[in-house]
Amino acid sequence: MTSNPAPPRRRLLSGVYGLRLLYRPQGRRTVAIAFAVVAVLDYLKEALSELAVMDRRPLNFDFGQFQRAAQDLSAGRSPYDVFLGMHCTQWCLGGYIYTPLVAEVLRPIAHLPLPRAATIWLVLSHLMVLATALLLWRALRGRTTTAALATMLAVSLLYQPLFENFSYVQIGPLLLVIMAGAAVLHLSGGTRRTAWAGALVGLATVIKVTPLLAAPALFPPGWARRDREHAGRLREGAAGIAGLVGAGIVLVVAMLLFVPFTADFFTQVLPHIGGGTTVYENKSFPSFIGRIFEFTAAAEPGWNLVAPGSALVTAAGMLLFIGSAALLAGRIRLRAGAQVPARAAAFGAYIAAMPIVSTITWRHHLSVNILAMALLLPALWPRDGGPSSRAARWLLAASYPLTYIQQDLAHRLALPHPLVHPTLLEVARVVVIDDLNLFGMVCLWLACLLALRGLRDTMSATT
């Protein structure tokens, strides 16, 4: 005698009118595409509005500093005189602090009036965002669902840190498209493509040092395992590192030879900005630790707390966020057909860790999170089959509003009035609310690790 199979379990809210549409693939696709169309139209409206009022916008920070640095190079002056003239022991407000390469790139428009030069760079920034979207679409289509791609496009175009790049006319879109190109090449696999991916990471590193933290992503998942493919994975990773080092050396040597004052960046500027800062606008892990010590020392002066050095905290952050990702990615044994989503999730983990570990992370630096989010799609919303980790889906969803929230709003919520004699409970409340952006970054990083872990070969792991 056979028993009848149990009826399928009814999903929560699946019978509610309107919401039940989201439980059907065709319905999700239609809603996601409509959401993407609305986001594109809103993005175009905001972009045109910003360009229309460029003459009336305050451009002294940050693009004004870039243009002045380019003008200084053209005039034979050091672009770092303003920053170094403040005699800062760490980062302090004012002056140009990027490598001379950024100023060199802007030299062709340095002679133009500031609003016109900013308009040109802003238009180029929008084109870089378009190029990033096209790169990711070509790499991810067929590996994830149309609904996931459309939703990712929508939430990316509405992402507040990306718009802060446009507001300040910053260089985030430039780094975003370079790292997206590196990720796409890495997903393709092969020694030659990985070498070019490494070269792009090297280029990004010369523009801003932080992308160097993504170097371990050039090794394919499972590279540390002793199996038949071990030598091939090592060769591929070595080619990526060779491309990174080669591109970095060529660019730095060229700058030392042809761009004056390049040595000043490495010998004078970099040591100062490497010290970080504990101002609440800095959303990095080292800044978070420094603020904990500062607030706790104010609450309990008798404890005589001394904050650890920034170098020590940065090293601890690298060990925690980069080291653990490298350990998981290096030792994992993947199930069949999981190579590409695993590469994407691992690359996303290092991208997500970059702004966490960096000594200085402003809100506009979080635009790189868009790349980490997109790289999770093949693992969490595959075209066929289920997600590698449902917990990672929730963490990814939580990371978006946490990194989206504006820093001034979080600061007003954390400190509605000055704390004269703070208690430890007040210190905890201020630190938690003030650093919601950091917690969002950590959620994204954890989502990448869980997505990668969910792609392992569980049968091999248990034997």
Side-chain angles (χ1 to χ4, degrees), residues 39-40 42-43 45-47 49-50 57 61-63 66 98 121-122 124-133 136 151-180 183 204 207-208 210-211 213-214 277 279-285 287-288 321 348-376 395-413 433-445 447-448:
V40 169
D42 181 75
Y43 178 91
K45 177 182 72 68
E46 292 294 330
S49 299
E50 287 189 340
R57 290 176 58 186
F61 293 101
D62 295 332
F63 184 79
F66 299 157
Y98 285 95
W121 186 253
L122 188 55
L124 290 174
S125 296
H126 288 302
L127 292 176
M128 293 172 199
V129 171
L130 174 61
T132 301
L136 292 175
T151 303
M152 187 68 236
L153 174 64
V155 298
S156 299
L157 295 181
L158 298 174
Y159 196 45
Q160 186 65 30
L162 179 62
F163 273 92
E164 289 193 7
N165 275 276
F166 301 144
S167 297
Y168 303 138
V169 197
Q170 261 283 352
I171 64 169
L174 174 61
L175 291 171
L176 185 61
V177 70
I178 293 173
M179 295 304 291
I207 294 174
K208 186 179 185 295
T210 310
L213 296 170
T277 176
V279 296
Y280 76 90
E281 293 93 343
N282 186 6
K283 301 303 179 182
S284 69
F285 175 74
S287 175
F288 170 71
F321 295 102
Y350 295 107
I351 295 295
M354 280 168 39
I356 299 175
V357 179
S358 173
T359 55
I360 295 179
T361 296
W362 307 134
R363 281 254 309 159
H364 59 81
H365 292 153
L366 302 190
S367 59
V368 75
N369 286 349
I370 292 172
L371 178 56
M373 293 176 188
L375 291 174
L376 280 173
L395 284 170
L396 175 59
S399 73
Y400 188 85
L402 288 174
T403 54
Y404 186 98
I405 188 171
Q406 292 180 315
Q407 61 190 20
D408 290 336
L409 173 60
H411 192 59
R412 286 195 299 269
L413 294 173
I433 298 176
D434 233 355
D435 286 279
L436 290 176
N437 287 160
L438 175 62
F439 298 139
M441 289 185 273
V442 174
C443 285
L444 178 58
W445 173 78
C448 294

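Given the structure is predicted, the values throughout are model-derived calculations rather than measurements.
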How far does [atom1] of [X] sit from [atom2] of [Y], to the nearest 0.5 angstrom?
{"X": "Leu438", "Y": "Asn282", "atom1": "CG", "atom2": "CG", "value": "10.0 Å"}
{"X": "Lys45", "Y": "Glu50", "atom1": "NZ", "atom2": "CD", "value": "10.0 Å"}
{"X": "Glu46", "Y": "Ser167", "atom1": "CD", "atom2": "OG", "value": "9.0 Å"}
{"X": "Ile433", "Y": "Ile405", "atom1": "CD1", "atom2": "CD1", "value": "9.0 Å"}
{"X": "Ile178", "Y": "Thr132", "atom1": "CD1", "atom2": "OG1", "value": "9.5 Å"}
{"X": "Cys448", "Y": "Ile351", "atom1": "SG", "atom2": "CD1", "value": "9.5 Å"}

With sequence neighbours left out, what residues match [X] under side-chain hydrogen bond (donor to acceptor under 3.5 Å, both in side chains)?
{"X": "Asp408", "answer": "Tyr280"}
{"X": "Arg363", "answer": "Glu164"}
{"X": "Asn437", "answer": "none"}

Next item on the list: Determine, stepwise, if the pair Phe166 / Val129 fulfils side-chain contact (heavy atoms from CB on, under 4.5 Å).
Entry: CA-CA 11 Å; Phe166 301 144; Val129 171; 3.8 Å; yes
Next item on the list: Measure the acute angle between the ring planes of Phe66 and Phe63, then classify it against the limits of 30° and 60° as parallel, tilted or perpendicular.
Entry: perpendicular
Distance-minimising heavy-atom pair for [X] and [Y]:
{"X": "Met354", "Y": "Thr210", "value": "O-CG2, 3.5 Å"}
{"X": "Ala39", "Y": "Leu158", "value": "CB-CG, 4.1 Å"}
{"X": "Asn165", "Y": "Pro173", "value": "OD1-CD, 3.7 Å"}
{"X": "Leu153", "Y": "Val40", "value": "CD2-CG2, 4.3 Å"}
{"X": "Ala349", "Y": "Trp445", "value": "O-CD1, 3.4 Å"}
{"X": "Gly440", "Y": "Ser399", "value": "O-CB, 3.2 Å"}

Going by heavy atoms in the side chains, are [X] and [Y] under 4.5 Å from each other?
{"X": "Leu396", "Y": "Leu444", "result": "yes"}
{"X": "Met441", "Y": "Leu366", "result": "yes"}
{"X": "Ser358", "Y": "His365", "result": "no"}

Indicate yes or no for a side-chain donor-acceptor contact from [X] to the backbone of [Y] under 3.5 Å, with no hydrogens or angles considered.
{"X": "Ser287", "Y": "Thr277", "answer": "yes"}
{"X": "Thr361", "Y": "Pro355", "answer": "yes"}
{"X": "Lys283", "Y": "Leu436", "answer": "no"}
{"X": "Tyr400", "Y": "Val155", "answer": "yes"}

Check: Can you list the steps and then say if Val169 with Ser125 is a side-chain contact (heavy atoms from CB on, under 4.5 Å)?
Finding: CA-CA 8 Å; Val169 197; Ser125 296; 5.6 Å; no
Notebook entry, point to check: Applying the side-chain contact (heavy atoms from CB on, under 4.5 Å) test to Leu371, which of Leu175, Val177, Leu136 qualifies?
Noted result: Leu136
Next item on the list: Could you walk me through whether Trp121 and Ile171 pass the side-chain contact (heavy atoms from CB on, under 4.5 Å) test, one step at a time?
Entry: CA-CA 9 Å; Trp121 186 253; Ile171 64 169; 4.2 Å; yes
Item checked: Stepwise side-chain contact (heavy atoms from CB on, under 4.5 Å) check, Tyr159 with Met373 -> CA-CA 12 Å; Tyr159 196 45; Met373 293 176 188; 4.1 Å; yes
